[in-house]
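Note that the structure is predicted; figures quoted are calculated from it, not measured. The analysis underlying the following values was restricted to heavy atoms, covering all of them including side chains, and did not include hydrogens, waters or symmetry mates.
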Amino acid sequence: MNCGYPTTWERAARITLAAAWLLCCSSAAQQAPVPPVPSVPSVTLAFTRDPVDKSYRKMVRGMERHARDIALAPHSTLRFRLLPRLPTVRLDGVTLHVVGESLTVPVAVAPDHSFTLERNEQALREDAALVANRKSSSMTWRAQVTSPGVPDGMRRLGDLRLECLVGVEAGLVSNNARLFAWLSDVLAGPDQVCAAPDGHYLQFAERPLFGVTLRAGERVAVLPFRALYAGGTQTPDTLPFCDCQVLLDRSYYAPLWDRNWPDDTLLEFDYMDAAPSGPLEGPIDRAAALRQLGAPLTAITFDSGYDVWQYQYRPARRVPALADGTPQMAELVLLFDRSGRTLKARRREP
């Protein structure tokens, strides 16, 4: 079964498409002169629009989407939340204002850096922006949908599905490149992103992740490695264009598109800094892993100094190949601390 997590081919295809748009726009710019822009009266504001700012109209559309699709998470509440994108960013003291041509309205930010918005008809008419006192690409934004009765430390899949719809509708995904952000708006709406296997809407846990387990009644499954850490394919060159820039070890893809998992499915998180649930079943350190298993298929070093290594091997039972003919593989994932000692190990069968 193809679970639809990001592949190298998909990323290359998207980059190729973006390049085509660049060439097209560049060619058009060379052939058609740009007419002069007439002067207009200027309005001096306390804040300047910036890529980190958000459209107030889009944010309101996100709120309307929450109300329209409330069946995914009945009785849930909606807040918006700020998250850092750079290791130097501190969100304590951040301020938000809705800024239009003739109005500036402060927005209260809670200690957890979340907030709600009031509907303001004048701000809608003036196409106002939600403006923060932070530099471009210093933080990212997410919708936060919360249903009552969810156990502490767990998330409900229906809440995450609605978060995605609201987040994409509201234009919350931040990106350094204006062109790529524009292409995202043109090529993918909420229903395409949140209901497709290749939607790749990133969610973030509260702490660095080692694993995520889905639970729906008696059915239990562990998310594959490719559903963590933005697919495990980020490089120093691509990371600045990812919302996960400083949150890579907290990022994951939930199976929003897979309706075989009901909305009441719970996600349980195994954090890197949590004690292991049982005795270690794997090499005792990096050196032993290299001796016993060889070089890993994937290795990621995080800013914390922790490393995760992924190995693949033949599954214990025969399973069908993926849709593209690629065989499904079992995997072993190891977590190492700064000294190279193995902290955790996880085996997963497809």
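Shortest non-hydrogen contact noted between Arg314 and Ala330 is O-CB, 4.2 Å.
A salt bridge between Glu349 and Arg347 is absent, with no side-chain N of the basic residue lying under 4.0 Å from a carboxylate O of the acidic one. Salt bridge present: Asp191 and Arg65 bring a charged side-chain N and a carboxylate O closer than 4.0 Å. Under 4.0 Å is where a charged nitrogen must lie from a carboxylate oxygen, and between Asp263 and Arg156 no such pair does.
At a cut-off of 3.5 Å, with distance as the only test, no side-chain donor of Thr140 or Gln245 sits close to an acceptor on the other residue. For the residue pair Asp237 and Thr235, no side-chain donor N or O sits within less than 3.5 Å of a side-chain acceptor on the partner.
With respect to Gln310, the side chain to side chain donor-acceptor pair (under 3.5 Å) criterion is satisfied by exactly one of Arg346, Glu331, Arg348: Glu331.
For Arg219 and Trp261, the positive end sits near the middle of the six-membered ring, less than 6.0 Å away and at most 45° from its axis. Taking the centre and axis of the six-membered ring of Phe204, the NZ or CZ atom of Arg142 falls outside the cone set by 45° and 6.0 Å.
Every residue two or more places apart in sequence or in another chain that forms a side chain to side chain donor-acceptor pair (under 3.5 Å) with Glu206 is listed here: Arg81.
Separation of atoms CG (Leu96) and NE2 (His113) is listed at 11.0 Å; rounding is to 0.5 Å.
If you chain together ILVMFWY residues whose side-chain heavy atoms come under 4.5 Å of each other, Leu293 ends up grouped with Leu290, Trp309, Tyr311, Tyr313, Leu332, Leu334, Phe336.
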